[in-house]
Asks: 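The structure follows.
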Amino acid sequence: MSESSQRPPGFAYGPLKGSSSNVLNCEGVSLPQLADRFGTPLYVYSAEMIRERVSAFNIAFRGIEHTICYSVKANSNLSILRLLARLGCGFDVVSGGELQRVLRADRKSAKKVAFSGVGKTIPEIEAALKANILLFNVESASELEALATGAAKLKRKARIAFRVNPDVPADTHPYISTGLHKHKFGVPITEARKLYTHAASLPYLQVAGISVHIGSQITDFAPFGIAMERVADLVRQLRKDGHTIEYVDAGGGLGIDYKAHSERSFPAVAASYAREISKPLSKLHVKLLLEPGRSIIGPAGILLTRVLYRKTNGDKKFVIVDAAMNDLIRPSLYQAEHQIVPVKAGDKTPQVIDIVGPVCESGDFFARGRELPHVEEGDLLAILDAGAYGMALASNYNSRPRPAEVLVDGKSAKLIRRRETIADLLRSEL
Ligand code: LLP
């Protein structure tokens with residue numbers, strides 16, 4: 001199989017024990033074995049790949065004091081959070097629910113949590129104050145008031161950064177671009193000084209940093225550098241104004257190569273991203289917080305699905321699989337093109353097909369007009385790079401229970417979330 005259809009060291013083809021076939025494995029476990037044991041659709045993650053990518057980040061940023069605050073929204077499974085906490089990561093959360101997950105995974109990680117989001121509620125703010133998180137990324141003047149009130153009520157000091165909107169365009173899907181004034185995120189960078197002065201006057205609030213996040217799935221890194229230049233100017237200005245700026249939170253957004261055409265390995269990609277981010281900050285002696293989500297967990301996960309039926313409508317050929325848009329919505333929502341590969345390698349003639357799910361919408365597809373080796377009913381397919389924003393965005397649409405999740409580490413495969421049942425779906429209804 002070609003390089004681009006594998007994701008070593010997580011997912012690679014190899015001989016199946018006791019047969020002449022080559023199958024896709026996750027580390028030391030074959031995917032057909034996982035399908036037999038846990039059923040499909042199934043999310044499968046590689047622990048080794050997560051470790052490698054965290055380590056690549058740490059190496060890329062070794063020249064600057066930094067903490068990786070993994071973005072929980074990308075994949076919030078408790079076992080994955082626990083693995084990341086053990087690797088020394090902190091966390092970026094955007095809701096009370098995500099904070100609870102982090103605390104459940106590792107209570108001690110609270111001191112490495114940054115809390116972002118434009119609509120933090122009072123109960124969420126209070127929970128974060130009680131947990132004594134590292135940093136509140138404040139996104140409006142009104143939120144600042146709510147935080148000040150909550151902190152005074154609980155007599156807890158809140159370390160704050162304003163999330164500034166640097167007005168820098170990033171080339172990505174419009175739904176996940178965030179760094180322009182027309183977007184709802186952050187406060188205009190031009191109004192930041194006034195807001196910092198006000199924040200510093202409020203008891204129980206401690207000005208501690210600046211945060212920025214310009215969008216997600218960004219593969220041209222220049223905008224990161226431009227945004228960081230603007231942040232660095234603001235650091236200097238705010239220090240002149242007498243504020244202590246200890247942290248710069250650079251957000252997330254480092255994109256991955258869904259087509260896997262790139263010849264650059266992740267360590268090289270991380271290094272050039274790190275150059276863009278770090279250069280403007282050199283000599284400022286700030287502590288850098290990074291909020292990667294996708295670039296850590298995306299390629300470390302696949303969605304394993306089985307072919308239910310084949311059918312031909314006129315000149316269109318459809319392959320209907322047991323996974324659907326409720327399990328992985330990225331193709332339907334962002335026109336994302338995930339590579340899909342047969343689990344059993346072969347030399348079958350390619351065919352142009354649509355790969356679709358059972359949900360009752362024409363938008364329920366994983367690939368349209370794609371050339372793929374011929375697959376039979378009952379075959380397994382792997383939808384690659386599904387570790388980020390896959391399970392995290394899964395729903396129960398069409399009353400479909402959500403998939404199970406498995407974490408593979410070497411030769412061991414551990415169920416980290418059992419398959420939902422219809423009873424689970426009905427439980428909360430009255
Ligand atoms: N920090 C903040 C404040 C964010 O809003 C996000 C993502 C991240 C960090 C992590 O970004 P990453 O490193 O994963 O790009 N559902 C979409 C992506 C939404 C991203 C939302 N914010 C998708 O499937 O492409």
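One is the number of the first residue; the rest follow in order along the sequence. Every number for a ligand or one of its atoms is a count from 1 in the order of the listing. Remember, predicted model here, so these are calculated numbers, not experimental data.
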Asks: Applying the side chain to side chain contact (heavy atoms under 4.5 Å, CB included) criterion to Leu99, which one of Ile133, Val72, Val94 satisfies it?
Replies: Ile133
Asks: Heavy atoms only: which of Gln217, Lys73, Glu291 lies closest to atom 6 (C) of ligand 1?
Replies: Lys73
Asks: Judging by distance only, is a nitrogen or oxygen of Ser116 under 3.5 angstrom from one on ligand 1?
Replies: no
Asks: Let me check something: any side-chain donor-acceptor pairs from residues 244-253 under 3.5 Å, sequence neighbours excluded? List them with distances.
Replies:
residue	atom	partner	partner atom	Å
Glu246	OE2	Lys287	NZ	2.5
Asp249	OD1	Gly251	N	2.9
Asp249	OD2	Asn137	ND2	3.0

Asks: Quick one: does ligand 1 sit under 4.0 Å from the side chain of Ser71, the backbone, both or neither, non-hydrogen atoms only?
Replies: side chain
Asks: State whether the shortest distance between N or O atoms of Pro292 and N or O atoms of ligand 1 falls below 3.5 angstrom.
Replies: no
Asks: Out of all atoms in ligand 1, which are within 4.0 Å of some heavy atom of Gly293? Include the element for each.
Replies: 12 (P), 13 (O), 14 (O)
Asks: Would you kindly specify which portion of Asn137 sits under 4.0 Å from ligand 1, judged on non-hydrogen atoms: side chain, backbone, both or neither?
Replies: neither
Asks: Using heavy atoms and a 4.0 Å limit, tell me yes or no: is Leu393 in contact with ligand 1?
Replies: yes
Asks: Give the atom numbers and elements of ligand 1 that come within less than 4.0 Å of a heavy atom of Asp92.
Replies: 1 (N), 2 (C), 9 (C)
Asks: Answer yes or no for Ser295: is there a heavy-atom contact with ligand 1 below 4.0 Å?
Replies: no
Asks: So, does His338 use its side chain to make a donor-acceptor pair with the main chain of Leu384 at under 3.5 Å?
Replies: yes
Asks: So does Arg419 have more than 12 non-hydrogen atoms from other groups sitting under 6.0 Å from CZ?
Replies: yes
Asks: How long is the gap from CZ on Phe115 to CG on Leu135, to the nearest 0.5 Å?
Replies: 12.0 Å
Asks: Counting heavy atoms only, which part of Arg330 comes closer than 4.0 Å to ligand 1: side chain, backbone, both or neither?
Replies: side chain
Asks: Consider ligand 1: state whether an atom of it lies below 4.0 angstrom from any non-hydrogen atom of Gly253.
Replies: yes
Asks: Which value, rounded to the nearest 0.5 Å, describes the distance between Leu87 atom CG and Arg51 atom CZ?
Replies: 7.0 Å
Asks: By number and element, which atoms of ligand 1 are closer than 4.0 Å to a non-hydrogen atom of Arg294?
Replies: 12 (P), 13 (O), 14 (O), 18 (C), 23 (C), 25 (O)
Asks: If you measure every N or O of Arg163 against every N or O of ligand 1, does any of those distances drop under 3.5 Å?
Replies: no
Asks: Pick one of side chain, backbone, both or neither for how His213 approaches ligand 1, counting any non-hydrogen atom pair under 4.0 Å.
Replies: side chain
Asks: Is there a side-chain contact between Arg370 and Val352, using heavy atoms and a 4.5 Å cut-off?
Replies: no
Asks: Between Asp354 and Gly369 (side chain of the first, backbone of the second, donor and acceptor by atom type, cut-off under 3.5 Å), is there such a pair?
Replies: yes
Asks: Tyr196 vs His243 aromatic rings, parallel, tilted or perpendicular, using cut-offs 30° and 60°?
Replies: tilted
